[in-house]
Amino acid sequence: MASTGQPPSLKRRDVPVSREGDQLTIIPLGAGNEVGRSCVYMSYKGKTILFDCGIHPAYSGMAALPYFDEIDPSAIDVLLITHFHLDHAASLPYFLEKTTFSGRVFMTHATKAIYKLLLTDYVKVSKVSVEDMLFDEQDINRSMDRIEVLDFHQTVEVNGIKFWCYTAGHVLGAAMFMVDIAGVRVLYTGDYSREEDRHLRAAELPQFSPDICIIESTYGVQLHQPRNIRERRFTDVIHSTISQGGRVLIPAYALGRAQELLLILDEYWSNHPEFHNIPIYYASPLAKKCMAVYQTYILSMNERIRNQFANSNPFKFKHISPLNSIDDLSDVGPSVVMASPGGLQSGLSRQLFDIWCSDKKNACVIPGYIVEGTLAKTIISEPKEVTLMNGLTAPLNMQVHYISFSAHADYAQTSTFLKELMPPNIILVHGESHEMGRLKTKLMTELADCNTKIITPKNCQSVEMYFNSEKMAKTIGRLAEKMPEVGETVSGILVKTGFTYQIMAPDDLHIFSQLSTANITQRITIPYSGAFGVMKYRLEQIYESVESSTDEESGVPTLQVHDRVTLKQDSEKHISMCWTSDPISDMVSDSVVALVLNINQEVPKLVVESEAIKSEEESGKKAEKVIHALLVSLFGDVQLGENGKLVINVDGNVAHLDKQSGDVESENEGLKEKVKAAFKRIQSAVKPIPLSAS
Amino acid sequence: MGTSVQVTPLSGVFNENPLSYLVSIDGFNFLIDCGWNDHFDPSLLQPLSKVASTIDAVLLSHPDTLHLGALPYAMKQLGLSAPVFSTEPVYRLGLLTMYDQYLSRRQVSEFDLFTLDDIDSAFQSVTRLTYSQNYHLSGEGIVVAPHVAGHLLGGTVWKITKDGEDVIYAVDYNRRKEKHLNGTVLESFVRPAVLITDAYNALHNQPPRQQREMFQDAISKTLRAGGNVLLPVDSAGRVLELLLILEDYWAEHSLNYPIYFLTYVSSSTIDYVKSFLEWMGDSITKSFETSRDNAFLLKHVTLLINKSELDNAPDGPKLVLASMASLEAGFSHDIFVEWASDVKNLVLFTERGQFGTLARMLQADPPPKAVKVTMSRRVPLVGEELIAYEEEQTRLKKEEALKASLVKEEESKASLGPDNNLSGDPMVIDANNANASADVVEPHGGRYRDILIDGFVPPSTSVAPMFPFYENNSEWDDFGEVINPDDYIIKDEDMDQAAMHIGGDDGKLDEGSASLILDAKPSKVVSNELTVQVKCLLIFIDYEGRADGRSIKTILSHVAPLKLVLVHGSAEATEHLKQHCLKHVCPHVYTPQIEETIDVTSDLCAYKVQLSEKLMSNVLFKKLGDYEIAWVDAEVGKTENGMLSLLPISTPAPPHKSVLVGDLKMADLKPFLSSKGIQVEFAGGALRCGEYVTIRKVGPAGQKGGGSGTQQIVIEGPLCEDYYKIRAYLYSQFYLL
């Protein structure tokens, strides 16, 4: 582990030594002080969860993966994917197929459907060498079989981990996960937006306040412009560029925000008939395939779009035509092209950028958040020159506009969200470190009176917290017929399922659980040809309680030893022995067997009666000796003190033990406890087994 | 003490009447299901009307009339105003079912129990939940959660939890996975405090898989012979499964006979169903995820919302799925009357008809030779009616997305003339001019040419093979003339337009009816009774998708509730299941009568204690499946805030009788022992191990709830090494506490 930098005082509630199980650990394996490769590890009470499994879009190959080396994939119980974006889901095939991970994976229906399309496309598009390929199409197809789906609000329980998800508003199917382990709740927002747009709902406010909120901080302390102003700016830029005969390039991720932009463009074109001869291209065959998904999962969208569906499908655009490759584009006049990828790393958006960047009539509208290290990020600062894909440099004359439509929460949304939720602990992830730092400072001042902890761990930096969870048990059934008073004892079976405890009487076990109890009756036949009376006599010598009677059915004499084991003379040559299994009875029966066999061997034996009787005194002395010897073996220096007390001296600490009552006097509490416990154990070992145990 | 639970059936016990039950949990009153049947008899709702105002929440379990049909009426007339909970499909398909019911009724009677508006407003108060969503009812400490029931899309098993005690309501569930639905998850609930379930199918055992072949054979045989097939179906429930089955069959055998799905709401139904993939079975979701093939993009089925479209369809054999399943009203009723007399045709029932309906009569064995039916139709269409209708239309448009399509269909109906015209506004009713309509009926007489009437065949020239009968519902007189003058004023244009439509489009109209339309007279219902000779083939194949008697019993003994309440099912079925359950499931089985309140408060004693850290650090759990168990001896103490807590015991623990925990199955023990190199065989109910040792299970087996519940196992043998070895193996099957 890279470091354990956080002060260990976090929520440590006056229990000086917490048991290991109470420690909750959160480690960002990616997206800690960065944007990209979201992956957050969490473990509590032996249950382990991984949130998201993305790649870093600015890197390729293994370097793009989250730091999986830090954890043991096989120990993870559940992996939860919030949405289909590459930086949240794209290392999933790798993680499923190339690591020892064997837990269960969950995502929403829409996410799963798009995940496949998006990753298949990603594999095809990414131009990396074969050894750099993290996974291929086969891996994706195989991963589909292992992914389970859940619906919003549906509660799923795996190994005692309960979780459910809320609408996150970021893209279609995006979810925020609430995880409940033994009553400790953790909310992982993934990417979320509290603003309703053309087709998505705003993120919900969870019903319960979580103990920890792991929240994105992409936009830090920035504030978004109101949506209508952003849309206005967007359409104005396009309007003016086109009026001047320029071309507009909109680099966007294929799915997610692109659909929102297309809805805006299509509407704008419908309202402006003068543009009808200006083509809008959408260069993404992938998005076309995803339309079926958008048309099906309307239940995840907002009321507005669902109402539109009733009349016509709003995702059937009237003014937008698909574009398969750059060759299909007759680049003769003004046009609007939306192309992926959003970061201008490669692909069609980059090809067009290279062609159009030096003409000042053209414009490039960057509509969403862009990751550090991509060309799009570079051109926002409007450098004089850019490096083209072929390595040459070209002047950057085209206008670059940055109008964010990305559905991430801004500062206003984040702070209201957190103020309503009031989580005692906040962990910021998914944000560049300076943005995150500023957000932390600002939130600290804003939430100053709420005693909220805000933590910004780096990748692989673990955050440890302690939750002293109270374990509550429910005593039910016969055992609970009477409320016990203080000081009484309660004995029963403690049954733990998940994180709930029940205490019940053994007889009730089958009523309140699926477990059942059993009685094993044993019947064994022993060859014995001697007289039954002899046996009785021998048994009486050994056991305190031997009762003889006759069997009601067959009339043969029987003996009952300690009410546990019944001996019966079956025939001249055999006796049968019958008892119900439990450790003590088994022991008694074994000794009876030994005894009977013994009689068989040495039938004519004279018994000296006096030998059998030992005086009380004698046995008492013997017990004392044994006690003394055992105490010596435990504590070393043990002497017989005055009035029959034993004086035990360990490294100068002296304890006085009263052998009769078991009372111990000592200055040293620890020693006192130890001597007391030892003496109790010795006594129970020396004394005969009590017979009342049935 | 446990949570107090009372159950009061309001309808649907000891018979097959609609389902409606009052379940009150610590004084919080749930109305679970609010059903009505196809007769819409308000007297059935008598018990509900008494308690409607005291209800705190309504839970709906299935989107059909029997489970939610009375909701609009109860909301409007009985003072029911509680929030309603259901899954999204139950909400949506339930709404469509009610629309279909209303429109079908309205077509043939002066149906005034509720209006489309009442349906809308009743469903407005529905909170939609997803499966396994734990919904916390604020302030009550009660959590309700819907779970998969199967049977119908969105079908729900309700779990109501308070203080850790579960009350489960599960009716009409299906254990089997079907084409579009998963099987129920009822079996995953173990030992709930109370289970309320139905006995409807207790005496029916489903024929095995070959029924599917029978079904397909019957259909293809009829079609090949040139006959038509009618499947009377529900509006938006089981029909979905049938559609998929037919789609598959058609694709598999590349048949090209047309399939028509005819209800007033068929196109909206399928549109919505297409977006309910999340709620369907795994195979449907999976195929969509991988290939984006939506199973409800039906390739062979034509959706119709109006009968004239069917009449205009090309001749030749065809298969029609039409609502209602009961044949009491709706398109299926009309089509049946038309087709019944042709021996080539087939009427295929896929569910048992509701009691006392035409469908039930026809399902009798042997089926009746002739049945009396009442043919009623709404006769047009007069000016103010049209206006009122236009009113309705504009209002509907505002309301809901779904309605748009409905309206469209009605619009087309309006323009298609008297046959299918319907009035949307119950206020505009006039029976005064019953006489005038004599002319109106005539043009439609032609439709009955095929019908045999009591022994005589009308000549082909005859206009109407019927004896017209005019219902003189004089009680409507007072209302007939009540017309809102605003209707005339505002919608003048609309009316003109619509009138023009009618005049222009409907070439079929003869002089008489055309003039009648322009006459601006309100519409009324004309009924006549006729006897239909049932010559067509009648087949009943069970496609109800309910768990059958056998699986009900298996599930019940698995769930093993502490208390069981049986509802919904004929008296015999209820009694049969009760006896079965008393013997095999649990000793507390209740079969309440209507309005009889039974108290199923669990007599469980329970209290909560805190487990102290000190105690828990000494407890060693043993793992047994999902459970971890341990024996505890503890002393009771009190925490600062007055909670009882368990502390480690200060005196030596009293010895306790040891407990062997585990479920021994002889069938599992045998291979286990033989894997250890011991010869084992079953002989006379006992397991013989090696040469001498036998292991037996004695005592009553099977019953989980009652009795001691402890397995009695006997191991016998002579004193030998094997005996101890086998005993050790036997012990290894248990945990000793």
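Order of the sequence lines fixes the chain letters, A, B, ..., with proteins taken first and strands second; residue numbering starts at 1 for each chain.
Across A:F208 and B:H136, no two heavy atoms sit closer than the pair CZ-NE2, 3.3 Å. The two residues A:H153 and B:T130 make their nearest non-hydrogen contact at CB-OG1, 3.7 Å. A:A113 and B:F288 make their closest contact through CB-CE2, 4.4 Å (heavy atoms, listed as atom of the first residue, atom of the second, distance). Closest approach of A:S491 to B:W631, counting heavy atoms only: CB-CZ2, 4.0 Å. Of all non-hydrogen atoms in B:V636 and A:E485, the two that sit nearest each other are CB-O, 3.5 Å. Pairing each heavy atom of A:K116 with each of B:E289, the nearest pair is CD-O, 4.0 Å.
The aromatic rings of B:F621 and A:Y501 sit tilted, their planes meeting at an angle between 30° and 60°.
Within the 4.5 angstrom heavy-atom criterion, only side-chain atoms of A:L509, from C-beta onward, approach chain B. Of the two parts of A:V593, only the side chain, counted from C-beta on, holds a non-hydrogen atom closer than 4.5 Å to a non-hydrogen atom of chain B. Of the atoms belonging to A:Q502, not a single heavy atom falls under 4.5 Å from chain B. Contacts between B:Y627 and chain A at a heavy-atom distance below 4.5 Å involve backbone atoms as well as side-chain atoms. Contacts between B:E88 and chain A at a heavy-atom distance below 4.5 Å involve the side chain alone, from C-beta outward. Proximity to chain A (any heavy atom under 4.5 Å) is shown, for B:V714, by both the backbone and the side chain. Using a 4.5 Å cut-off between heavy atoms, B:K274 contacts chain A through its backbone alone, with no side-chain atom that close. Proximity to chain A (any heavy atom under 4.5 Å) is restricted, for B:N294, to the side chain, taken from C-beta onward. For B:Y135, no part lies under 4.5 angstrom from a heavy atom of chain A. A:K676 does not touch chain B: none of its heavy atoms, backbone or side chain, sits under 4.5 Å away. In this structure, chain B has a heavy atom under 4.5 Å from the side chain of A:V149, while its backbone stays farther away.
Ranked by non-hydrogen atom pairs under 4.5 Å with chain A, the options B:D293, B:L129, B:V609, B:T290 are led by B:V609. Annotation: maximal heavy-atom pairing with chain A below 4.5 Å, among B:R292, B:K608, B:K622, occurs at B:R292. Counting heavy-atom pairs closer than 4.5 Å to chain A, the top-ranked of the candidates B:K623, B:E716, B:R128 is B:E716. Of the listed residues A:I114, A:T500, A:V293, the one with more heavy-atom pairs under 4.5 angstrom with chain B than any other is A:V293. When the candidates A:I147, A:L494, A:V486 are compared by the number of heavy-atom contacts under 4.5 Å with chain B, A:L494 comes out ahead. Counting heavy-atom pairs closer than 4.5 Å to chain A, the top-ranked of the candidates B:L660, B:L644, B:L646 is B:L660. Counting heavy-atom pairs closer than 4.5 Å to chain B, the top-ranked of the candidates A:I520, A:T489, A:D582 is A:I520. Put simply, of B:V190, B:I629, B:I715, the one with the most heavy-atom pairs under 4.5 Å next to chain A is B:I715. When each of A:D508, A:L299, A:L117 is checked for heavy-atom pairs under 4.5 Å with chain B, A:L299 comes out on top.
Side chains of A:T521 and B:I713 form no contact here, defined as non-hydrogen atoms less than 4.5 Å apart. Within the 4.5 Å cutoff, side-chain heavy atoms of A:S300 are placed close to those of B:E278. At a threshold of 4.5 Å between non-hydrogen side-chain atoms, the residues B:Y607 and A:I503 do not count as touching. The shortest distance between side-chain heavy atoms of A:E488 and B:E635 does not fall below 4.5 Å.
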Please report the C-alpha distance between B:L611 and A:M472 in whole Å, then the side-chain angles of each, then the deciding distance to 0.1 Å, and finally whether the side-chain contact (heavy atoms from CB on, under 4.5 Å) criterion is met. CA-CA 6 Å; B:L611 299 168; A:M472 296 300 297; over 6 Å; no
Working for side-chain contact (heavy atoms from CB on, under 4.5 Å), residues B:Q133 and A:F152: CA-CA 8 Å; B:Q133 173 177 0; A:F152 291 101; over 6 Å; no
Worked check of side-chain contact (heavy atoms from CB on, under 4.5 Å) between B:Y731 and A:D586: CA-CA 12 Å; B:Y731 279 1; A:D586 282 2; 2.6 Å; yes
Check the pair B:Y724 / A:I524 against side-chain contact (heavy atoms from CB on, under 4.5 Å), numbers first and verdict last. CA-CA 10 Å; B:Y724 288 98; A:I524 196 165; 3.8 Å; yes
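Enclosure of atom OH in B:Y692 is not indicated, since only 12 or fewer non-hydrogen atoms of other residues, nucleotides or ligands lie within 6.0 angstrom. Summarising the local packing, NZ of A:K162 is surrounded by 12 or fewer heavy atoms from other residues, nucleotides or ligands at distances under 6.0 Å. More than 12 heavy atoms of other residues, nucleotides or ligands lie within 6.0 Å of CZ in A:R304, so this atom counts as buried by the packing criterion. Atom NZ of A:K573 has 12 or fewer neighbouring heavy atoms from other residues, nucleotides or ligands inside a 6.0 Å radius.
To the nearest 0.5 Å, the span separating CG on A:D180 from CG on B:N134 amounts to 10.5 Å. Annotation: the span from A:H109 atom NE2 to B:L277 atom CG amounts to 8.0 Å, rounded to 0.5 Å.
Between the side chain of A:R523 and the backbone N or O of B:G717 there is no donor-acceptor pair closer than 3.5 Å. Checked by atom type and distance alone, the side chain of A:K112 never pairs as donor or acceptor with a backbone atom of B:K286 at under 3.5 Å. Counting only distance, with no hydrogens or angles, the side chain of A:T517 and the backbone of B:V659 share no donor-acceptor pair below 3.5 Å.
No side-chain donor from either of B:S275 and A:Y297 sits under 3.5 Å from a side-chain acceptor of the other.
A salt bridge (Lys or Arg N to Asp or Glu O under 4.0 Å) check over residues 147-156 of chain A, counting only residues at least two apart or in different chains, returns the pairs A:R104-A:E148.
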